**Student:** 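The structure under discussion is supplied below as structure tokens; questions concerning it will follow.
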4 protein chains.
Amino acid sequence: MINIAIIGAGRIGHVHARALGARDDVTLTLVCDPFEQNARALAEKYHVKYCLDPDEVFDDATVDAVVIGSPTQFHVDHILKAVNSGKRVMCEKPIALDLESAKRCIDELGDRADHVMMGFNRRFDPTFSALKDRLDDGEIGDLQQLTVVSRDPAAPPASYIAGSGGIFKDMTIHDFDMVRNFLGDIAEVNAVGTNVSPEIAEQGDFDQVIVTLKSRDGKLATIINSRTCAFGYDQRIEAFGADGMLSADNLTATAVRKATSTQTEAKTAVMDFFLERYEDAYRIELDAFLDSITIGGAVCPSVRDGYQALVLAEAAARSAKEHRAVTV
Amino acid sequence: MINIAIIGAGRIGHVHARALGARDDVTLTLVCDPFEQNARALAEKYHVKYCLDPDEVFDDATVDAVVIGSPTQFHVDHILKAVNSGKRVMCEKPIALDLESAKRCIDELGDRADHVMMGFNRRFDPTFSALKDRLDDGEIGDLQQLTVVSRDPAAPPASYIAGSGGIFKDMTIHDFDMVRNFLGDIAEVNAVGTNVSPEIAEQGDFDQVIVTLKSRDGKLATIINSRTCAFGYDQRIEAFGADGMLSADNLTATAVRKATSTQTEAKTAVMDFFLERYEDAYRIELDAFLDSITIGGAVCPSVRDGYQALVLAEAAARSAKEHRAVTV
Amino acid sequence: MINIAIIGAGRIGHVHARALGARDDVTLTLVCDPFEQNARALAEKYHVKYCLDPDEVFDDATVDAVVIGSPTQFHVDHILKAVNSGKRVMCEKPIALDLESAKRCIDELGDRADHVMMGFNRRFDPTFSALKDRLDDGEIGDLQQLTVVSRDPAAPPASYIAGSGGIFKDMTIHDFDMVRNFLGDIAEVNAVGTNVSPEIAEQGDFDQVIVTLKSRDGKLATIINSRTCAFGYDQRIEAFGADGMLSADNLTATAVRKATSTQTEAKTAVMDFFLERYEDAYRIELDAFLDSITIGGAVCPSVRDGYQALVLAEAAARSAKEHRAVTV
Amino acid sequence: MINIAIIGAGRIGHVHARALGARDDVTLTLVCDPFEQNARALAEKYHVKYCLDPDEVFDDATVDAVVIGSPTQFHVDHILKAVNSGKRVMCEKPIALDLESAKRCIDELGDRADHVMMGFNRRFDPTFSALKDRLDDGEIGDLQQLTVVSRDPAAPPASYIAGSGGIFKDMTIHDFDMVRNFLGDIAEVNAVGTNVSPEIAEQGDFDQVIVTLKSRDGKLATIINSRTCAFGYDQRIEAFGADGMLSADNLTATAVRKATSTQTEAKTAVMDFFLERYEDAYRIELDAFLDSITIGGAVCPSVRDGYQALVLAEAAARSAKEHRAVTV
């Protein structure tokens, strides 16, 4: 039996707690959040203890593994303390807001970095992972171009933007990981940003970006992002290969279609938002993490992948600012 | 060079006249319609002669072939006169409104019936004929069930209904031919009719029918008809075979799709109506008729197919009236 | 807290047991199956007691509600005993294999019939129920025609067919309930059957049927069934209304599409089979049953709906046999 | 009656000649191609004269308008001579291979440039123009991001590449015009290129490029190009607006779909190649040109649009070479 603690009792904390219920070999035993109201709500729902100070988690010898969903600025500290106290760790993205901290984390972890999992949940989405598996099986020959469309239904409040590290580290980071997942190491990053939201522009951040990446072996990828999307959570991938194309459509809640005098085959609205769209992905992700504990072996994506995604985010930010390609 | 005359200068007459323009080996030379206004309009558009009396067509030795689009009650008379004066004939469906006349036509034609073509244009629709070809190529194994959905956008006026011979002979006749095209000879017909239109009910006709047919070798087909359809001209086929299914969707004018907050992937409206939806089919049909003249050989569908479709229409009418299966 | 017993520890028993886990207000306490191996397997999985004799369930005063998944011939007996011992009941379809038993059950239950739920799980499928809700909201005006396509991926073994009561009671029964759900009371049934399977023909049963139903207010419905379907579990509905059409497509496991030189937009295979396709439906169905206990009120569909579906199944069997419409 | 001459009797010459046949107010009177075999073939098909020297076209006072499909290096010369001899002109893209020649052309034409049409046929494609019209009608609010996917089924021979001016001027030029059509004036161009074809790499040209453009008012567009595409001629557009998205799918020859045990809803292959995919566009384009003569008014796109597209092509080439954004 694996005893799990969750640090961060927000929305994702609840998602992870619910997913734990599906396994017989794991027990949620402790919940931690500095906001007592949050900590208590989650703890009571699952009839477990809670604490306000993460050190109580690291000091609790009965805790085997920690799922870290604290604010990004604490990630490196929490990862290191958890690992140093002998616990297995899964941490939400991004690893940090600055490369220096991320580098320090990787360096201090050394070989142990291979066992610290980063929460790039989209790798575990059934549609995206099926697409990847079929690509790896050679169904469309060698991959040549990858297009990742990722648009959020609505922009977060200005206060969130301020501490987010910017769109590349906060939002595009998922897509950087996806591109690395498909294309491997990246050699060059080109980014262009713009604003439709004056509020976000005022913060010095973009709300729409397009990033073109070239891998070391010359493959191309495009990421198309927007902080707002009138039709919901637009999450699509197209993998263009030598022998064909595999594409991942948006998901809808039902398979109902409608025809009227002005249109036909209209599907219901796109699933909105990430907790709903990626509910399966979160569960399968947690399973992969737990399996890495019970079965053993390195995790994937690891904290090293988190670092590499951050490298791309920094490169993209520089590219967009300096209007030039940035070599990685 | 084949000299063609068109009898009936209505909408279909114009469609056929336009389609003739695509061939170098055929010339429209004469147009006939008892309504001088109609005859003149079509004739002037194509710079040809016109007449009001069909006998002038049959008596014109320079006319090689006749496309008959006169009202149904004249079909048998026009077919026989045209063939007897040595002309090749393509005639719009149905062959007649009563089986007796149709039978007389077939009998008098004898072997020549194989060269009189019936205008079941849907057999020539690129989508339906591609589906049929792929079925014949064995792509989905033996056909087991056929579903034909055929709904008109709007009911014709009551005056038309009165002289139409009823929905089975006027509308379902196309679908009976399609079922025969896919399933071969039919053994049993089951029909159920209903009304959403009080006007049509008053005429003693149905405006919605469902017909189930069983072929001699036990295959099943369903025809779903409606005189009205809010979303346009609903023309679909599903062929269910031992190894899979081939289906023919509705056509839309463009490939544009739309996503909003309430729906996604909405296609533009279904094509409406038959002149637009089946424009290619009319052209390819006429080509097949003309090729049968220049290249030789029997036509398909012939007037015999027209007779068989009428047999099914009569059987369906009896089945719906007597609430029982009718053996053919 | 509601204490639940499950009678019948087969596949559906496991589905229901799993679905119970999602609720905090219900506990599985007892499992019953005459085959000890089955009973023990399910009981051990959920750490509960088991018994071999259903009377132990009915005699257990701590059991509040019973989910009956026993073979059909025991349904009426189990329903009556459970209700008579004061328990709430949800029973798998069909209510019985003969109308007489079903009638006896309804009669003996009297008013209590409104609280005995029938397991027509498809009413609870998110896609079908969303379609129904939107129809009820008037999105496409009055319903005029309903098409239900229901094909199983593979025929059950001959031994199952023998005790199934025939395709109409065993398979079409779900579709009869769906038609009643959409059209209300049925006035006339027309059925045609055929065989592609010699084994099933030998048993005197059909393996493909088409049923046309007419409601009391003149609406039409078609059911298209096949015991086998090469492309999986074909479960679709089209509701054609005065102002448009709502249709329910098949579900696929992922939203991946593929394009090659010979095809485009190919989706992954259709979900196969009912445990997978209707997993959500089973869960929501059980929820509706449990809510009827905690919140109160009549259930829907009730055992009366089970009876009416059986009436249609008998009518269809007679119609197919006697080649005539059967008035209900 | 407008007398038309066609310069260049290749594939496009035939397409234009065929399209002329649909109009009553225009006559093809002269065909010109330095390769007599080509000139004669086209001339004989339409029973018109031919010449080998374009000057004979310009000197022929009976010729009212010229459709120029000569090799790109002659475009400017032919445009200027035709206009200077009082003829109306439609010229295939691109206007020239170097900006200097194009500039000279525009300058010499002066106001007459507004009446010289450039053959950016895709603007007239029914799907793309319907999408544009709906966008202009405000269906999805203000445009924010445009994605243009344009992949050719197979790369041209190395000999063609050599004289093509490079992928940006030869292939992407269509997409640059499309982006300008949607976004208006462009401020910045970012291009990245790569090679999957060693033959094309040897020529110093890319065979896959991704171009990101930013308009003067800050809107973003992405162009995704490939010289090869295993699944055919991939021609799609997505317009993402403040209130929704309009997208243009690929076209297929028929509306047949196929389901098997491994896939469902597979459509037939994508239309291949431009003569087939854009047949309607070529016809409507020519109509627009002819209407500009008979009805009067400036043409759109004009040779000025041809110049602007070339500006973007040059900027993209520089951007890809210098790994930096190029301001336009």
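All of these numbers come straight from a predicted model, not from anything done at the bench.
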**Student:** Is it the backbone or the side chain of C:I210 that comes under 4.5 Å from a heavy atom of chain B, or both, or neither?
**Tutor:**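 For C:I210, the contact with chain B is made by backbone and side chain together.
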
**Student:** Specify the closest pair of heavy atoms between C:A242 and B:A230, including all atoms of both residues, with the distance to one decimal.
**Tutor:**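 In terms of heavy atoms, the two residues are closest at O-CB, 3.2 Å.
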
**Student:** With 3.5 Å as the limit, can you list every donor-acceptor pair between chain C and chain B, backbone and side chains included?
**Tutor:**
residue : atom : partner : partner atom : Å
C:Q144  : OE1  : B:Q208  : NE2          : 2.9
C:Q145  : OE1  : B:R151  : NE           : 3.0
C:Q145  : OE1  : B:R151  : NH2          : 2.9
C:Q145  : NE2  : B:N225  : O            : 3.0
C:R151  : NE   : B:Q145  : OE1          : 3.0
C:R151  : NH2  : B:Q145  : OE1          : 2.9
C:E188  : OE1  : B:H323  : ND1          : 2.8
C:E188  : OE2  : B:H323  : ND1          : 3.1
C:G193  : O    : B:K214  : NZ           : 2.7
C:T194  : OG1  : B:G218  : O            : 2.5
C:Q208  : NE2  : B:Q144  : OE1          : 2.9
C:K214  : NZ   : B:G193  : O            : 2.7
C:G218  : O    : B:T194  : OG1          : 2.5
C:N225  : O    : B:Q145  : NE2          : 3.0
C:R236  : NH1  : B:E238  : OE1          : 3.4
C:R236  : NH1  : B:E238  : OE2          : 2.5
C:R236  : NH2  : B:E238  : OE1          : 3.0
C:E238  : OE1  : B:R236  : NH1          : 3.4
C:E238  : OE1  : B:R236  : NH2          : 3.0
C:E238  : OE2  : B:R236  : NH1          : 2.5
C:H323  : O    : B:A325  : N            : 2.9
C:H323  : ND1  : B:E188  : OE1          : 2.8
C:H323  : ND1  : B:E188  : OE2          : 3.1
C:A325  : N    : B:H323  : O            : 2.9

**Student:** Please flag which part of B:V192 lies under 4.5 Å from any non-hydrogen atom of chain C: side chain, backbone, both or neither.
**Tutor:**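 Contact with chain C is through both the backbone and side chain of B:V192.
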
**Student:** Go through the structure and list residues passing side chain to side chain contact (heavy atoms under 4.5 Å, CB included) with C:A239, not counting sequence neighbours.
**Tutor:**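 Applying side chain to side chain contact (heavy atoms under 4.5 Å, CB included) to C:A239 gives C:L131, C:I140, C:L143, C:L146.
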
**Student:** Enumerate the residue pairs fulfilling ring-ring contact (aromatic ring centres under 6.0 Å, His included) with a member in residues 179-202 of chain B, sequence neighbours excluded, ordered by first and then second residue.
**Tutor:**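 For residues 179-202 of chain B, and leaving out neighbouring residues, there are no ring-ring contact (aromatic ring centres under 6.0 Å, His included) pairs at all.
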
**Student:** What are the two closest non-hydrogen atoms of B:F240 and C:C229, and how far apart are they?
**Tutor:**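 B:F240 and C:C229 have their closest heavy atoms at CE1-SG, 3.5 Å.
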
**Student:** Which atoms of C:V209 are under 4.5 Å from chain B, going by heavy atoms: the side chain, the backbone, both sets, or neither?
**Tutor:**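 The backbone, not the side chain.
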
